[in-house]
Each structure stands twice: as C-alpha cells, then as structure tokens.
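Please read the structure below before turning to the comments.
We name chains A, B, ... by the order of the sequence lines, and we start the count at 1 in each one.
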Amino acid sequence: MSTEPPSKNDFIRQIIQEDRRTGKRHGRVQTRFPPEPNGFLHIGHAKSINLNFGLAKDFEGRCFLRFDDTNPATEDELFIRSIQEDVRWLGFDWGVDLRFASDYFDAIYEHAEGLIKAGKAFVDDLTSDQMRELRGVPGVPGKESPHRNRSVEENLDLFRRMKAGEFPDGSRTLRAKIDMASPNFNMRDPVLYRIKRQPHPKTGTKWVIYPMYDYAHALSDAIEKTTHSICTLEFEDHRPLYDWSIDAIPGALGIDPAERPNQYEFARMEVTYLLTSKRKLKELVETKTVAGWDDPRMPTIAGMRRRGVPAAAFRDFCDRTGVAKAAQMVEIELLDHCIREELDRTAPRVMVVTKPLKVTIETIAAGETISLEAPFHPSNPDMGSRKVALSRDLVIEETDFMMDPPKKFFRLGPGREVRLRYGPIIKCERVVTDAGGNVVELVCSHDPSSMPGAGGEPRKVKGVIHWVSREHGIATEVRNYDRLFAVPNPADVEEGEDFKKNLNPNSLEVLPNALAEASLAGSKPGATFQFERLGYYVVDPDTRPDKLVMNRTVGLRDSWAKEQTKD
RNA sequence: UGGGGGAUCGUCUAAUGGCAGGACGCAAGACUCUGACUCUUGCUAUCAAGGUUCGAAUCCUUGUCCCCCAGCCA
C-alpha cells in the first residue's frame with residue numbers, strides 16, 4: 001500500500017493502553033465477536049469483527065467467536081456455518097476459541113438458581129401484556145409484580161418446574177428483582193428466562209427454557225474471561241444490567257472481581273447507498289428483488305465477496321473509518337476507493353470487449369496472426385506477461401467509436417487514428433452501416449511501423465483502446481453491477497412508504513455477448529482482473545466451461561464520463 | 001414531558017490547555033500505449049452564547065440540535 005495506514009488510537013485502544021499501564025487484569029486482552037446465528041453477516045458486522053479480532057492481534061490477546069444462540073425460534077445451523085465462513089474469509093482466525101452461549105446453558109441455569117436463593121430473582125406469572133402495563137412509561141415508575149414477593153422455596157420450585165416443562169410457553173418467566181422505579185427500563189425487573197418449546201440447533205430438545213440476551217451475554221463474557229466486551233451504542237442502556245448480572249452473586253462461576261469484563265460501546269457504521277437492516281435485507285431476498293443473500297449487490301459479506309471485493313479492502317475500509325461514539329454515515333466512495341486501491345495493486349490486466357463492434361483490419365491478411373507481448377501489470381513486472389493474438393478480424397468497444405465525435409473525444413471516428421493497446425496504430429477508413437443506418441462494422445488500416453518493437457519513428461496518438469481478436473476471444477457474459485439503491489439513505493422513507501421504492505432500476509446490466517482475450521480461459525471463480533479501461537471484475541461461480549461469467553466489482557475512475565456531463 | 005449518548009471540512013477522523021492536521025470527495029493542472037495508476041496545486045470545519053486562562057476544539061455555565069431506550073428479540 002502506498003500510504004501508511006493511520007496509526008490507530010481510538011478511544012477503545014486508549015482504554016486498553018490505560019488498563020495495561022495500570023496492570024489491570026495483568027494486562028490481559030481478550031475480546032469476542034458475538035453474532036446471533038439468525039442471518040448473514042453484513043458490512044456493519046465486518047466493522048465489529050475487524051475491531052475485536054484486530055484488538056486481539058494488536059495486543060497479543062485472544063478473540064473468541066461466540067454465537068449468542070439464546071433464541072432458537074430465529075436461529076439456524078445454516079447461519080452458524082455461513083458466519084464462520086465469512087469471518088474466516090475476512091482473514092481472521094479464532095483458533096480453538098469457538099464457543100456458543102448454549103455451551104454455558106447449564107452454568108447459566110445454576111447461576112439463576114443462585115439468584116433465586118439470594119432473593120434476587122423471582123418467578124412471575126404475568127403475561128407479556130400485563131408486564132408491559134406494569135413496566136410504566138418514561139418519567140413514570142413502574143409497578144411491582146404481584147408475584148414479586150414469593151418465597152425462595154416457591155420460586156425455586158416453580159423455576160425447576162419451568163425447566164421440567166410443566167408449564168406452557170409464555171406462561172411464566174424468571175425475572176431479576178432489581179428496581180421497578182429505575183429510570184432505566186432495563187433495570188425494571190428484567191426477564192431472565194422464558195419458556196419456549198423450540199428445538200435448538202445445538203442443544204436439541206434438552207431445554208424448554210432459554211436465558212435472555214442481557215443475562216446470558218454477560219455471564220458468557222464472564223465465564224470466558226473476556227476482558228473488554230465491545231458492542232454498539234444501543235447497548236449503553238444495558239450496561240447496568242450487564243454489570244448487575246455479573247456482580248449479583250459474588251464469586252459465582254469462579255469470577256474474580258479483578259478479572260471481570262467491562263463493556264464498552266462504539267457507534268455503528270452505516271454506509272451511504274447501503275442497508276444494514278437485517279429485516280430489510282431479508283425482505284429483498286424473500287421478494288426475490290435480489291438473487292439471494294450472496295447477490296453481488298447485497299451489502300452482506302457473502303454478497304460483496306461474490307462481487308469481488310477483496311478482504312483486504314474491507315479491513316482497510318474498517319480501519320480508515322475508525323472507531324468513535326458519534327453516529328457514522330460513511331460515503332460509499334471511500335469503500336470504492338479502498339477496493340480500487342487494493343485491486344490496482346493485485347489484479348492482472350486483461351482485455352475484454354463488453355459491447356462488441358466489429359472491426360476489420362484490411363491491411364492484415366486473412367488467417368494471419370500477430371502475437372503481441374502484453375504485461376499483466378503496468379508497474380509490477382513480477383506479475384509477468386502473456387501473448388495476445390492480433391488478427392484481421394477484431395471487436396472493439398461500441399462506445400469507442402463515434403460517427404460525429406466532439407473535439408475532446410480521443411477515440412475512433414471516420415478517418416481518425418487510435419492505438420490498439422499493446423499493438424499498432426489503426427485508422428478508420430470506412431464505416432459500414434445497415435439499412436437502419438446503424439454502424440455495424442469499421443474497416444481500418446494499420447501502420448506496421450507503429451507496431452511495438454518495429455523500430456519505426458515513435459508516433460503518438462491521444463487515444464488507446466482495448467480490443468479482442470474474434471477468432472481467439474472466448475465467449476463471456478459480463479454482469480455490470482451498480483448500486484442497489486438510487487438514493488444515499490435508502491432506509492429513509494416517509495411513514496407508510498416502502499423502502500423498495502428507492503431501488504436503482506439499473507443495478508444490474510447483463511452483457512451476454514462480451515468477448516474476452518484467450519488468456520482468461522480456465523479462470524476459476526473468485527479470480528479478479530482489471531479489464532483495461534473498464535473496471536475490476538471477478539469470475540462468478542456461474543461460469544461454465546463454454547461461458548465465462550464475470551461480475552463487475554467496481555468501475556475504473558472515468559474522467560471522460562465526467563467530462564461528458566459538463567455540457 | 002424520564003433515562004442514556006453524541007455534535008470538528010460535504011463525509012470519516014486527528015488534537016488529550018500551545019500552529020485545527022490527515023483521508024475520501026471535489027476542482028485545476030502534469031504525466032501516460034489504460035481518459036486508469038501516479039504526481040502537483042487548490043477547496044471547505046471546531047453547534048451557539050457567555051465565562052476561566054497569557055493561550056480553549058479541549059475546562060466551566062447556559063442553551064440548541066441529533067441518535068438510542070417502554071420485546072418473554074439480539
């Protein structure tokens with residue numbers, strides 16, 4: 001990378017530095033990435049992954065991948081697999097530290113009994129509606145449940161019978177006994193356990209009661225000996241409950257007060273033109289607006305991977321946007337920049353004509369093939385080179401010819417000259433049109449002395465265009481992807497309006513008749529290239545032996561396009 | 001109208017009482033067998049008003065605006 005990455009000194013790192021300076025937890029740093037396995041990971045999760053695993057790396061600690069699988073109603077094995085794949089693909093390794101909150105269900109249950117014995121939790125018979133009623137509203141204290149003062153014995157008996165499956169779903173809960181008058185709703189006797197007869201991906205039918213997030217998450221952190229528990233801003237209000245859960249029974253679960261975790265919150269990252277709402281992404285998939293969770297237009301890790309975004313670009317983007325507490329709405333242009341910067345370094349250059357226009361070089365004999373040497377990268381000779389075949393019969397990009405070009409158009413027009421990339425200068429002698437007046441073929445001559453290595457007088461022409469020999473090229477389908485949404489903030493709609501009205505109708509352009517140079521034959525899905533003068537592309541898994549399928553990751557910057565919009 | 005957070009170029013971020021800096025973006029130019037890359041130059045900011053101080057983005061006071069919270073979701 002040409003520029004030095006900014007040295008990271010965000011507020012979380014400052015806290016850790018301070019903890020180490022004071023010898024807190026013997027300087028140990030342990031984090032975790034705690035996804036719920038109920039959907040695909042998206043770019044917002046990438047930020048958290050990059051932070052948590054990055055911290056572990058920078059401070060020589062550990063980072064656990066822990067699934068917070070406390071709600072089997074929405075969770076699925078499919079997501080457990082895809083999430084692991086995505087984290088690994090992003091370049092992070094949890095080593096032996098793969099965990100599930102469900103690994104701790106026994107310990108959490110025991111802890112809950114401990115809470116009851118300490119008089120800090122009770123079994124409630126209220127329905128959720130009744131509970132909401134008593135919870136109160138902002139500025140008004142809630143009211144205590146009529147069951148709040150049951151005896152320890154009765155609570156213990158009821159809780160054990162909840163576990164044994166004696167009561168129907170939703171009929172009873174275990175609640176913490178904290179403070180119904182707290183201005184913080186999370187502290188108004190929050191529910192700790194609910195009854196839910198739902199097979200669990202990991203524990204099957206062993207449990208009919210499941211712990212709630214706040215409780216299970218805090219205990220899981222403490223059990224794993226997490227040091228810095230990092231989450232997003234909306235959990236700031238939950239921190240008192242996090243602390244309460246860990247501290248309610250001193251010494252429980254072997255937790256050393258000097259080693260207990262602390263929660264820190266940072267701002268979520270939103271990106272313009274993208275959505276990170278799980279619900280909305282799911283809707284796009286279910287309404288078949290996109291082809292699936294890994295549609296290249298999706299802001300999911302899987303989608304962007306299929307789009308051809310390199311993992312290194314993702315990490316760079318997360319680093320560059322930083323970690324702070326003010327809401328982030330990052331411009332997608334920065335992501336595009338990170339992608340281009342990475343791909344400029346790493347992607348081999350090739351020539352592909354996406355919208356072919358037939359060109360005949362009448363000064364080359366039919367059947368003659370001229371082999372030209374073309375480096376794979378303009379500034380990195382280590383990437384080597386390949387031969388490209390030039391012949392009489394070519395295609396060029398439709399947009400590289402204009403019948404009546406404006407002054408600043410450097411490409412082909414009647415009587416104009418242009419250089420074929422890595423090849424000779426050609427001149428457009430005649431234009432062939434069909435009955436409808438459409439340009440169907442260009443007849444050109446070439447200047448043999450302008451051939452690379454021909455030793456002729458060096459001639460300069462302003463325009464250089466890419467091309468492919470028709471007989472040597474291979475059939476290719478090009479999928480030009482663009483932004484899925486047409487507006488910077490697609491989630492921002494009037495009450496009652498559908499966010500899908502913000503979709504970009506031109507987010508996918510399929511070009512089935514593209515022609516790629518022969519060197520692309522046999523390319524494997526995931527391989528990235530720069531199509532010269534066009535953009536960065538990746539081989540799609542839909543590729544078949546007789547047809548290459550290429551997805552556009554991002555276009556090259558295009559100052560000609562900008563010039564055109566000036567008028 | 002309760003509680004919890006947050007406000008620095010258009011966007012993201014730095015500064016930790018001592019020159020408001022960087023990146024993206026945008027503009028102009030140079031270079032170029034990619035109208036790419038690269039390079040040069042330029043553009044624009046401390047929410048407001050008071051106060052403390054030799055000196056304030058930073059400390060204090062009072063406002064303003066924005067975000068989150070009333071799931072048996074996470």
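Note on Q530(A): a base of the nucleic acid sits closer than 4.0 angstrom, heavy atoms only. Base contact: L126(A) has a heavy atom under 4.0 Å from a base atom. Base contact: P452(A) has a heavy atom under 4.0 Å from a base atom. Among the protein residues, R411(A) comes within range of the nucleic acid bases, having at least one heavy atom under 4.0 Å from a base atom. Residue contacts shown for T321(A) are limited to sugar-phosphate atoms, with no base heavy atom under 4.0 Å away. Residue V330(A) is classed as a sugar-phosphate contact, given heavy-atom separations below 4.0 Å to backbone atoms only. At the heavy-atom level, F409(A) lies under 4.0 Å from base atoms of the strands shown. Contact annotation for T127(A): base contact, defined as any heavy-atom pair under 4.0 Å involving a base atom. Residue G423(A) is in base contact, counting any heavy-atom pair closer than 4.0 Å across all strands shown. Within the nucleic acid shown, S128(A) comes within 4.0 Å of at least one base atom, counting heavy atoms only. Counting any heavy atom pair closer than 4.0 Å across all strands shown, M269(A) reaches no nucleic acid atom.
Side-chain to base pairing of E331(A) with G10(B): one donor and one acceptor N or O lie within less than 3.5 Å of each other.
Using modelled atom types, one finds no donor on one side chain facing an acceptor on the other under 3.5 Å when comparing E236(A) with Y264(A). Side-chain N/O atoms of T272(A) and E331(A) include no donor and acceptor closer than 3.5 Å. Under the 3.5 Å distance criterion, with hydrogens and angles disregarded, no donor-acceptor pair is assigned to the side chains of T321(A) and Q328(A). For the residue pair Q530(A) / Y536(A), a side-chain donor-acceptor distance below 3.5 Å is found, with atom types taken as modelled. Side-chain contact, T232(A) with E265(A): no donor N or O sits under 3.5 Å from an acceptor N or O. Looking at K408(A) and Q564(A), their side chains never bring a donor and an acceptor atom within 3.5 Å of each other.
The side chain of K460(A) places an N or O atom within less than 4.0 Å of a non-bridging phosphate oxygen (OP1 or OP2) of C33(B). A sub-4.0 Å separation between OP1 or OP2 of U34(B) and a side-chain N or O of R340(A) is absent. Phosphate contact (OP1/OP2 of U13(B), side-chain N/O of Q328(A), threshold under 4.0 Å): present. Applying the 4.0 Å criterion to OP1 and OP2 of C26(B), one finds that R557(A) has a side-chain N or O inside that range. An OP1 or OP2 oxygen of C26(B) is reached within less than 4.0 angstrom by a side-chain nitrogen or oxygen of K562(A). Listed pair H337(A) / C24(B) meets the phosphate criterion, a side-chain N or O lying under 4.0 Å from OP1 or OP2. A sub-4.0 Å separation between OP1 or OP2 of A15(B) and a side-chain N or O of N9(A) is present.
The side chain to side chain donor-acceptor pair (under 3.5 Å) test applied to E75(A) returns no partner, not counting sequence neighbours.
Interface residues of residues 231-245 of chain A facing RNA chain B, ordered by number: E234(A), F235(A), E236(A), D237(A), H238(A); criterion, heavy-atom separation under 4.0 Å. For the segment residues 188-201 of chain A, the set of residues with a heavy atom within less than 4.0 Å of an atom of RNA chain B comprises V191(A), R194(A), K196(A), in numerical order.
Closest contact between the side chain of E333(A) and the listed nucleotides G6(B), C12(B), C24(B) involves C24(B). Among U34(B), G2(B), A74(B), the nucleotide with an atom closest to any side-chain atom of P183(A) is G2(B). Of the listed nucleotides (C12(B), G71(B), A36(B)), A36(B) has the atom at the smallest distance from the side chain of P378(A). Picking from G6(B), C26(B), C37(B) the nucleotide with the shortest atom distance to the side chain of D344(A) gives C37(B).
Nucleotides C65(B) and A49(B) are separated by 16 Å at their P atoms, to the nearest Å. To the nearest whole angstrom, the two P atoms, one in U53(B) and one in C12(B), are 36 Å apart.
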Show your working on side chain to side chain contact (heavy atoms under 4.5 Å, CB included) between L334(A) and V271(A) and close with a plain yes or no.
CA-CA 9 Å; L334(A) 180 59; V271(A) 182; over 6 Å; no

Take F401(A) and R411(A), measure what side chain to side chain contact (heavy atoms under 4.5 Å, CB included) needs, and give me the verdict at the end.
CA-CA 6 Å; F401(A) 172 83; R411(A) 284 105 99 148; over 6 Å; no

Is there a side chain to side chain contact (heavy atoms under 4.5 Å, CB included) between D58(A) and R13(A) once you walk through the steps?
CA-CA 10 Å; D58(A) 293 354; R13(A) 271 167 240 263; 2.6 Å; yes

Could you give me the CA-CA distance, side-chain angles and deciding distance for F531(A) and H466(A), then say whether ring-ring contact (aromatic ring centres under 6.0 Å, His included) is met?
CA-CA 9 Å; F531(A) 291 0; H466(A) 61 281; 8.8 Å; no

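Atom-to-atom, CE of M187(A) to P of G4(B) comes out at 13 Å; the value is rounded to the nearest Å. C12(B) atom C1' lies 14 Å from atom CG of D10(A), rounded to whole Å.
F185(A) does not qualify as a stacking partner of the G3(B) base, lacking a centre-to-centre distance under 5.5 Å together with planes within 30°. Applying the 5.5 angstrom centroid cut-off and the 30 degree plane-angle cut-off, the aromatic ring of W560(A) is stacked upon the base of G35(B).
Between L420(A) and Y213(A), the residue whose closest nucleotide on RNA chain B is further toward the 5' end is L420(A). The residue among E36(A) and A324(A) whose nearest nucleotide of RNA chain B lies closer to the 5′ end is A324(A).
Judged by a 6.0 Å distance limit and a 45° cone about the ring axis, R175(A) is not positioned over the six-membered ring of F122(A). Figure legend: cation-pi geometry between R172(A) and F167(A), with NZ or CZ positioned under 6.0 Å from the six-membered ring centre and within 45° of its axis.
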What donor-acceptor contacts under 3.5 angstrom involve side-chain atoms of residues 185-194 of chain A, with partners at least two apart or in another chain?
unit_1: N186(A); atom_1: ND2; unit_2: N184(A); atom_2: OD1; d: 3.1
unit_1: N186(A); atom_1: ND2; unit_2: D237(A); atom_2: O; d: 3.1
unit_1: R188(A); atom_1: NE; unit_2: R135(A); atom_2: O; d: 3.0
unit_1: R188(A); atom_1: NE; unit_2: M180(A); atom_2: O; d: 3.4
unit_1: R188(A); atom_1: NH1; unit_2: S182(A); atom_2: O; d: 2.5
unit_1: R188(A); atom_1: NH2; unit_2: R135(A); atom_2: O; d: 2.9
unit_1: R188(A); atom_1: NH2; unit_2: V140(A); atom_2: O; d: 2.8
unit_1: D189(A); atom_1: OD1; unit_2: R148(A); atom_2: NH2; d: 3.1
unit_1: D189(A); atom_1: OD1; unit_2: I178(A); atom_2: N; d: 2.8
unit_1: D189(A); atom_1: OD1; unit_2: D179(A); atom_2: N; d: 3.4
unit_1: D189(A); atom_1: OD2; unit_2: R148(A); atom_2: NE; d: 2.7
unit_1: D189(A); atom_1: OD2; unit_2: R148(A); atom_2: NH2; d: 3.4
unit_1: Y193(A); atom_1: OH; unit_2: Y109(A); atom_2: N; d: 3.3
unit_1: R194(A); atom_1: NH1; unit_2: T70(A); atom_2: O; d: 3.3
unit_1: R194(A); atom_1: NH1; unit_2: Y210(A); atom_2: O; d: 3.4
unit_1: R194(A); atom_1: NH1; unit_2: P211(A); atom_2: O; d: 2.8

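A distance of 6.0 Å or more separates the ring centres of F40(A) and H45(A).
Anti is the classification of G51(B), since its glycosidic angle lies more than 90° from 0.
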Tabulate atom names and distances for all N/O pairs under 3.5 angstrom spanning the protein and nucleotides 63-66 of chain B.
none

In dot-bracket form, how is RNA chain B paired, counting a Watson-Crick or G-U wobble pair only if both its distances are under 3.5 Å and using | for bases paired to another strand?
.((((((..((((....[..))))((((((.......))))))...(((((..]....))))))))))).....

